[in-house]
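Because the structure is a prediction, the values reported are computed rather than measured. Chain letters run A, B, ... following the sequence lines, proteins first and then strands; every chain starts at 1.
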Number of protein chains: 2
Amino acid sequence: MKTVTMADVAKHAQVSKSTVSQYLNKRYDYMGEKTKLRIEQAIYELGYQPNIIARSLKQKSTKTIGVIVANILHNFSTEVSRAIEDACNRADFHTIICNADDDPAKEKKYIEMLRAKQVDGLIIFPTGNNRDLYQKMLDENYPVVFVDRSVEGIPVSSVMLENERASEMAIDYFVNKGQKRIAIITASMIEDVSPRLERMEGYKKALQSHKLAILDEYIKSVEPDQVEEALQEMMALDQPPEAILAGNDLVLKEVLQFAKLHHLNIAEDLSVIGIDDVPYASFYTPPITTVAQPTFKMGKMAGEVLLDKINKKKTTDERPDYRFEPTLMVRESVKEKGGYVL
Amino acid sequence: MKTVTMADVAKHAQVSKSTVSQYLNKRYDYMGEKTKLRIEQAIYELGYQPNIIARSLKQKSTKTIGVIVANILHNFSTEVSRAIEDACNRADFHTIICNADDDPAKEKKYIEMLRAKQVDGLIIFPTGNNRDLYQKMLDENYPVVFVDRSVEGIPVSSVMLENERASEMAIDYFVNKGQKRIAIITASMIEDVSPRLERMEGYKKALQSHKLAILDEYIKSVEPDQVEEALQEMMALDQPPEAILAGNDLVLKEVLQFAKLHHLNIAEDLSVIGIDDVPYASFYTPPITTVAQPTFKMGKMAGEVLLDKINKKKTTDERPDYRFEPTLMVRESVKEKGGYVL
DNA sequence: CTGAAAGCGCTTACAG
DNA sequence: CTGAAAGCGCTTACAG
């Protein structure tokens, strides 16, 4: 497997490497027609494939961006990544996707590895716990955009959901259906991750605006594997909640699993709304009402903002963040409590 | 953002570039302790990060492999990819994952792009329609392994499920539950993709071994968006099927959606088994019985076989393929037809 | 124990 | 219209 290089092509076509290079880069401005043909022919005969690595070294651009998702297990991450890819492909950029597994150490490793690989920019779903690194990239004027989360004090523009609005939509819907005992379960907030905080805020504000009390027993922020226990506790209350807002897809899954285990019928015995529109929502029994994120638009925006920074070589952010409106996907997991409608 | 290079470090530490390079590659055999310290210091002070692109160019190895999945929408693809990544990470290899979208043209584009990026080897879930390219890689002794599918006449070793066995397990289970009117729906077979064929074969053989007739009306191979229509037809038969084997996760999804739409209760009105253990199977109502592929093991094997080829520089395959046993995940989507048990 | 030199496969002013 | 030459940032025999 001896590789054929540009020099081989040049010799075969009886021109210089420079000319071959011009040809490849479509700078035919002054190139003779016969020369062009000879090169084309040589490339074909030798089965020549340019070595992008060599080009990148010289050009100091790899036409590749890195994407580091906090946790690939979230549906959201997969869908947004796909949209980022599409946006980048359109600009002839490639995409390398890495999964930080919610682990700041892994996130750090990937940031360093991708930068060592000379990717031209980074889209990060930040874990939030690598402030020094984030700051360093800013200082170096390295193109970065955040997705899903923002990091306090780090002025990198972030593509995010209107999170408070998402909770609010869910609560409004619950209340309109006559639900009053509404709980919320979000992923753990140890890391102070912004969407979790905002969704919690939205929940509280919405309850207040409906003049409903905020009960500590109805609020849980826990790891996925503790959701069951949290539900256990809630359901053992004298006044257990009758409706639950699941803060993300993983929490929703746990809630549904819990319901199954304890033979609670969704809607009938327990109303549920999930933030994140899971793929099975529409054909679940009953179909699950969710608050959908415009994942495609968000990914597209993230890709475009990053490409813009890369091209313009300006990494300053004129906008702190790009917020997107959620959509309520009304299905059948919320019970209508006739008598209590406001 | 002027990047600091090895030359800068060398100057700062007052040694030559060679020595810095030795240091980075941990060839300290004969390196003076003070030199080592000075270099370490210089690297730290300058915040030096090696440029992997430059190294790759010289070493002719990127320590990166490419993975091209036929269709990332299959759960199977995602899980196997994750396992491949893990296996590669362990050997300090990176992974670039691309999605061919079941489109041979895209597959071709990605194969060429990844090879241009000098990845050291390729794991492909082949679409099957790029025979020339596959053959070319073989001829060039380029390291490749296939996953999920094999390609007739292309002797690249492939990591696959024991597909016939998968269908057989499902049919045996149906029959043991007293089901006799068993249909199968697989994805379209226009492309002659091996697992689909094998699953179909397994279905037929299993029916025969149970002395059940093979009815053409009970066999459909269609695109996901035609599954509904196919079901429509089947269910309109004088003797509609009472059990359905869904050939993969996407088909299963369509079947469940169809059941929902037509108010058919799974198990009660229609028994179902799906090949591929979908994430929601365990908490669906009713929980869905599936035939699971050992995705983790398969991905690990694919990664290891490829790394082996890369390291040993031998790309000949001592084994045509690596077959894995499926597992029946018994849940509750198959009705026990008491009276009819054999 | 360390350094000078060549080279990996390209690109890009610049000269002609 | 085309070529010679330098250089991207590393690594690696080889010499000393």
Side-chain angles (χ1 to χ4, degrees), chain A residues 1-43 46-64 112-113 115-120, chain B residues 1-43 46-64 112-113 115-120:
Chain A
M1 177 185 159
K2 45 134 214 334
T3 54
V4 12
T5 105
M6 186 178 267
D8 300 326
V9 175
K11 199 187 304 170
H12 197 90
Q14 312 199 63
V15 296
S16 75
K17 286 193 299 168
S18 322
T19 308
V20 177
S21 179
Q22 311 280 28
Y23 173 84
L24 289 172
N25 293 292
K26 309 204 191 302
R27 281 197 255 285
Y28 316 116
D29 317 5
Y30 296 105
M31 194 173 299
E33 194 59 29
K34 357 57 196 201
T35 319
K36 210 149 59 172
L37 253 37
R38 275 217 312 285
I39 295 176
E40 196 165 4
Q41 177 74 359
I43 288 176
L46 302 176
Y48 170 69
Q49 291 276 91
N51 180 330
I52 293 190
I53 292 285
R55 169 185 301 169
S56 298
L57 178 59
K58 182 66 188 176
Q59 290 190 157
K60 292 166 162 291
S61 155
T62 52
K63 290 272 224 170
T64 303
E112 288 172 348
M113 170 296 248
R115 292 205 56 186
K117 285 201 159 211
Q118 312 298 116
V119 297
D120 296 341
Chain B
M1 179 182 160
K2 46 134 215 333
T3 53
V4 11
T5 107
M6 188 178 266
D8 299 325
V9 176
K11 198 187 304 170
H12 197 90
Q14 313 200 58
V15 296
S16 76
K17 285 193 299 168
S18 322
T19 309
V20 177
S21 180
Q22 311 280 26
Y23 172 86
L24 288 173
N25 292 292
K26 306 203 192 307
R27 282 198 255 285
Y28 314 116
D29 317 6
Y30 296 102
M31 194 173 299
E33 194 58 31
K34 356 65 193 192
T35 318
K36 210 151 57 176
L37 254 35
R38 274 214 315 283
I39 295 175
E40 197 164 2
Q41 178 73 0
I43 287 176
L46 302 176
Y48 170 69
Q49 291 275 90
N51 179 330
I52 293 190
I53 292 284
R55 170 186 299 169
S56 298
L57 178 59
K58 182 68 190 176
Q59 290 188 158
K60 291 166 161 290
S61 155
T62 51
K63 289 272 222 168
T64 303
E112 287 172 348
M113 168 298 250
R115 293 205 55 185
K117 285 201 159 213
Q118 313 298 116
V119 298
D120 296 341

Subject >> Atom-to-atom span, CD1 of A/Ile53 to C1' of C/dC8 - whole angstrom >> reply: 11 Å

Original post:
With sugar-phosphate meaning primed atoms plus P, OP1 and OP2, does A/Thr35 contact a base, only sugar-phosphate, or nothing at under 4.0 Å between heavy atoms?
Top reply: sugar-phosphate

Original post:
OP1, OP2 of D/dG3 versus side-chain N and O of A/Ser18: anything below 4.0 Å?
Top reply: no

Subject >> Candidates D/dT11, D/dA4, C/dT2 - which lies nearest the side chain of B/Ser21 >> reply: D/dT11

**OP:** Return no unless some side-chain N or O of A/Lys36 is found under 4.0 Å from OP1 or OP2 of D/dC1.
**Re:** no

Subject >> Greater than 12 external heavy atoms within 6.0 Å of B/Gln49's CD >> reply: yes

Original post:
Counting only heavy atoms not in A/Glu112, do more than 12 fall under 6.0 Å of its CD?
Top reply: yes

Original post:
So which one's nearest nucleotide on DNA chain C is more toward 5', B/Arg38 or A/Ala7?
Top reply: B/Arg38

Subject >> B/Lys58, nearest nucleotide to its side chain (from D/dT11, C/dC10, C/dA4) >> reply: D/dT11

**OP:** Round to the nearest Å and state the distance from B/Leu57 atom CG to C/dT11 atom C1'.
**Re:** 13 Å

Original post:
Please give, in whole Å, the distance from C/dC10 P to B/Arg55 CZ?
Top reply: 21 Å

**OP:** Determine: side-chain N/O of A/Asn51 to OP1/OP2 of C/dC8, distance under 4.0 Å, yes or no.
**Re:** no

Original post:
OP1, OP2 of C/dT12 versus side-chain N and O of A/Lys17: anything below 4.0 Å?
Top reply: no

Subject >> Separation of atom CD in B/Gln49 from atom P in D/dC8, rounded to whole Å >> reply: 20 Å

Subject >> B/Tyr23 vs C/dG3: side-chain N/O to OP1/OP2 distance below 4.0 Å >> reply: no

Original post:
Can you tell me how far the CD atom of A/Gln22 sits from the OG1 atom of A/Thr35, to the nearest 0.5 Å?
Top reply: 11.5 Å

**OP:** Check the side chains of A/Lys117 and B/Thr64 for a donor-acceptor pair under 3.5 angstrom, ignoring hydrogens and angles.
**Re:** yes

**OP:** Find the distance B/Leu24:CG to D/dG9:C1' and express it as a whole number of Å.
**Re:** 12 Å

Original post:
Does B/Ser16 place a side-chain N or O at less than 4.0 Å from the phosphate oxygens OP1/OP2 of C/dG3?
Top reply: yes

Subject >> Nearest-Å distance for atom pair CG/P, residues A/Leu46 and C/dG9 >> reply: 14 Å

Original post:
Taking the side chain from A/Ser21 and the backbone from A/Lys17, do they hold a donor-acceptor pair closer than 3.5 Å?
Top reply: no

Subject >> Nearest listed nucleotide, side chain of A/Gln59, among D/dA4, C/dA4, C/dT11 >> reply: C/dT11

**OP:** Under a 3.5 Å limit for both distances, which nucleotide forms a Watson-Crick or G-U wobble pair with D/dA13, could you say?
**Re:** none

Original post:
Nearest of C/dG3, D/dG9, D/dG3 to any side-chain atom of A/Val15?
Top reply: D/dG3

**OP:** Any chance you could measure B/Ile52, atom CD1, to B/Leu57, atom CG, to the nearest 0.5 Å?
**Re:** 13.5 Å

Subject >> Nucleotide D/dT11, atom P - distance to CD of B/Gln22 in whole Å >> reply: 9 Å

**OP:** Could you tell me the separation between the NZ atom of B/Lys117 and the P atom of C/dC8, rounded to a whole number of Å?
**Re:** 23 Å

